[in-house]
Participant: 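Dropping a structure here in structure tokens format, bear with me for questions.
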Amino acid sequence: MSEFAIIWDWIGFGVRWLHVITAIAWIGSSFYFIALDLGLRAHPDLPFGAHGEEWQVHGGGFYHIQKYLVAPEKMPEHLTWFKWESYATWLSGAALLMIVYWVGGELYLIDNNKAEISLFQGIAISALSLSVGWIVYDRLCKSGLAEHPILLMLILFVLLVIMGWAYNQVFTGRAMMLHLGAFTATIMSANVFFIIMPNQRIVVKDLQDGRMPDPKYGKIAKLRSTHNNYLTLPVLFLMLSNHYPLAFATQYNWIIAALVFLMGVTIRHFFNSMHARKGTPYWTWVVTAVLFIFIMWLSTAPLMYGDYDQEEVRGFTPFEQIYVNAEGFEEVSDIVQGRCSMCHAREPGYDGIHRAPKNVLLETPSEVAAAARQIYLQSGVSKAMPPANVTWMEPSERAKIIRWYTEARSGLNKV
């Protein structure tokens with residue numbers, strides 16, 4: 001069972017690697033096609049039905065690209081579809097969410113200081129919210145709001161702010177940020193799967209059957225693609241936020257998330273205007289900088305830690321009790337609190353550390369038990385913690401951590 005923790009961590013690493021690779025492919029192609037679409041130029045010698053063309057140079061060669069707003073007169077022999085980047089990104093992201101926040105929910109998902117819910121309830125909220133978010137968004141896009149894209153974007157922004165606040169009422173700050181990112185990414189990928197690709201297939205089928213495709217399908221797909229374009233940068237921020245407690249662990253974390261969405265809009269507006277040859281609105285960078293400075297100011301608010309005295313006297317959860325009952329727990333708890341808690345504390349005492357790394361607290365026995373697997377992996381099996389062994393954790397102490405964790409998992413296996 002203890003070896004499984006190592007295997008599981010490597011599986012998580014592998015899925016995270018896959019997620020990053022596929023996300024690069026999806027976001028890269030999205031950025032490219034948006035820039036291409038905005039940079040198209042009309043020309044009198046274009047073929048019938050062509051909207052514009054673009055000449056590009058890359059890799060030692062020239063590319064001549066033409067776009068048809070509806071479709072060419074006949075179906076080309078070879079057609080490249082851009083869809084798997086989106087699907088693979090969402091699937092790998094969903095798998096990573098399950099690995100980190102469902103399986104590791106006792107530490108990363110549930111915050112009993114906010115809401116006393118079970119891990120199962122937390123997982124149910126996690127899964128259902130992603131589905132409901134897409135349904136609400138899709139209904140909005142299919143309403144009359146589709147004819148008012150700016151108003152629709154404002155309503156979408158309000159929806160995202162509400163979801164950030166709601167997630168923060170039940171989840172840890174870290175899980176709130178990640179789930180808001182997953183909520184947004186689900187909308188983006190579902191746009192591709194349920195709207196953009198089916199509409200493209202209708203157009204292709206009409207061409208194959210000799211019919212002139214209806215231009216409404218391209219218009220609908222363009223609206224969803226534009227939404228995806230403006231949502232990309234905030235999603236990247238939210239996915240990276242788990243490394244920065246100043247973003248996810250402060251009192252105003254959901255407001256920080258909301259402001260990040262506005263930053264995404266201002267940054268994309270600059271590049272979209274530039275690619276469309278409509279000028280370079282440098283004022284957007286001023287607005288972005290002001291928003292970022294405001295975010296930094298919000299992060300100076302007190303971190304959202306549970307009260308130390310309450311944490312010390314509260315009873316252990318069934319998950320924590322497994323490690324508390326294992327032989328060697330008291331000794332390991334003393335080791336961790338002696339070697340690690342000067343950084344992983346509500347008020348870190350180590351010079352230069354102002355916030356507990358990744359918001360992981362190791363001041364009480366319950367907190368040590370809750371972080372058992374990470375302690376085993378980072379201070380037992382590996383020497384990642386303490387960094388550069390600045391607190392001189394002895395090899396014998398690491399061996400005790402390994403024995404304790406192995407004993408706890410062996411006991412669980414017997415049960």
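Only heavy atoms go into these numbers, but all of them, side chains included; no hydrogens, no water, no symmetry mates. The chain is numbered in sequence order, starting from 1.
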Participant: Please work out which of the three classes, parallel, tilted or perpendicular, describes the rings of Tyr376 and Tyr405, given edges at 30° and 60°.
Facilitator: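 Geometry flag for Tyr376 against Tyr405: parallel rings.
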Participant: Could you go step by step and tell me if Arg339 and Glu397 meet the salt bridge (charged side-chain N to carboxylate O under 4.0 Å, His left out) rule?
Facilitator: CA-CA 10 Å; Arg339 304 293 191 187; Glu397 293 174 324; 3.1 Å; yes
Participant: Distance alone, cut at 3.5 Å: any donor-acceptor contact between the side chains of Asn242 and Tyr108?
Facilitator: no
Participant: Which value, rounded to the nearest 0.5 Å, describes the distance between Leu298 atom CG and Asn253 atom CG?
Facilitator: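 Reported value, rounded in 0.5 Å steps: 10.0 Å.
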Participant: Can you confirm whether the side chains of Tyr323 and Arg373 place a donor and an acceptor under 3.5 Å from each other?
Facilitator: no
Participant: Take atom CD of Gln208 as the centre, draw a 6.0 Å sphere, and report whether it contains more than 12 heavy atoms from other residues, nucleotides or ligands.
Facilitator: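 More than 12 within 6.0 Å, yes.
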Participant: Answer yes if the side chains of Tyr217 and Asp206 hold a donor-acceptor pair under 3.5 Å, and no otherwise.
Facilitator: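 Judged by distance alone, the side chains do not pair up.
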Participant: Closer than 4.0 angstrom, basic N to acidic O: yes or no for Glu147 and Lys219?
Facilitator: yes
Participant: Are any of the side-chain nitrogens in Glu363 or Arg346 under 4.0 Å away from the carboxylate oxygens of its partner?
Facilitator: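 Yes, Glu363 and Arg346 are salt-bridged.
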Participant: Nearest 0.5 Å please: distance from the CD1 atom of Ile220 over to the CG atom of Asn191.
Facilitator: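 If we round to the nearest 0.5 Å, Ile220:CD1 and Asn191:CG are 11.5 Å apart.
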Participant: Does atom NE2 (His58) have a neighbourhood of more than 12 heavy atoms from anything else shown, all under 6.0 Å?
Facilitator: no
Participant: Which of these passes ring-ring contact (aromatic ring centres under 6.0 Å, His included) with Phe82: Tyr87, Phe33, Tyr32?
Facilitator: Phe33
Participant: Nearest heavy-atom pair of Asn112 and Ile110: which atoms, and what distance?
Facilitator: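 Minimum heavy-atom contact is OD1-CG2, 3.5 Å.
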Participant: So, for Met239 and Ala182, which heavy atoms are closest and what is the spacing to 0.1 Å?
Facilitator: CE-N, 3.7 Å
Participant: For a quick check under 3.5 Å, do Lys114 and Asn168 share a side-chain donor-acceptor pair by atom type?
Facilitator: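 Result is yes, a qualifying pair exists.
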Participant: Among Val161, Thr184, Leu291, whose side-chain contact (heavy atoms from CB on, under 4.5 Å) with Phe261 holds?
Facilitator: Thr184
Participant: Has Tyr244 got more than 12 heavy atoms of other residues, nucleotides or ligands less than 6.0 Å from its OH?
Facilitator: no
Participant: Are His51 and Tyr68 an aromatic pair, judged by ring center distance below 6.0 Å?
Facilitator: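 No: the rings miss the under 6.0 Å criterion.
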Participant: Applying the ring-ring contact (aromatic ring centres under 6.0 Å, His included) test to His179, which of Trp102, Trp254, Tyr167 qualifies?
Facilitator: Tyr167
Participant: In this structure, are over 12 heavy atoms from other groups packed under 6.0 Å from Trp297 atom CH2?
Facilitator: no
Participant: Check whether the side chains of Thr288 and Thr266 place a donor and an acceptor atom closer than 3.5 Å, and report yes or no.
Facilitator: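 Side chains of Thr288 and Thr266: pair found under 3.5 Å.
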Participant: Using a strict 4.0 Å threshold on nitrogen-to-oxygen distance, state whether Asp9 and Arg16 make a salt bridge.
Facilitator: no
Participant: Give a yes or no on whether a salt bridge exists between Arg314 and Glu320, defined as a side-chain N under 4.0 angstrom from a carboxylate O.
Facilitator: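 Yes, Arg314 and Glu320 are salt-bridged.
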Participant: If we check side-chain hydrogen bond (donor to acceptor under 3.5 Å, both in side chains) with His64, which of these qualifies: Glu53, Gln56, Glu54?
Facilitator: Glu53
Participant: Measure the acute angle between the ring planes of Trp134 and Phe194, then classify it against the limits of 30° and 60° as parallel, tilted or perpendicular.
Facilitator: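 Ring orientation of Trp134 relative to Phe194: parallel.
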Participant: Is the distance from the ring center of Phe270 to that of Tyr282 below 6.0 Å?
Facilitator: yes
Participant: Output, in order, the C-alpha distance, side-chain angles, deciding distance and verdict of side chain to side chain contact (heavy atoms under 4.5 Å, CB included) for Ser126 and Leu97.
Facilitator: CA-CA 9 Å; Ser126 170; Leu97 182 146; 3.7 Å; yes
Participant: Does the gap between the ring centers of Trp10 and Phe13 come in under 6.0 Å?
Facilitator: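 Under 6.0 Å, so yes.
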Participant: Mind running side-chain hydrogen bond (donor to acceptor under 3.5 Å, both in side chains) on Gln337 and Ser333 for me, showing each step along the way?
Facilitator: CA-CA 6 Å; Gln337 292 181 51; Ser333 182; 2.8 Å; yes
Participant: For a quick check under 3.5 Å, do Tyr137 and His227 share a side-chain donor-acceptor pair by atom type?
Facilitator: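 Yes, because at least one side-chain N or O of Tyr137 sits under 3.5 Å from a partner of the opposite role on His227.
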Participant: Where do Arg224 and Asn229 land on the side-chain hydrogen bond (donor to acceptor under 3.5 Å, both in side chains) test, with the steps shown first?
Facilitator: CA-CA 9 Å; Arg224 303 299 183 101; Asn229 174 245; over 6 Å; no
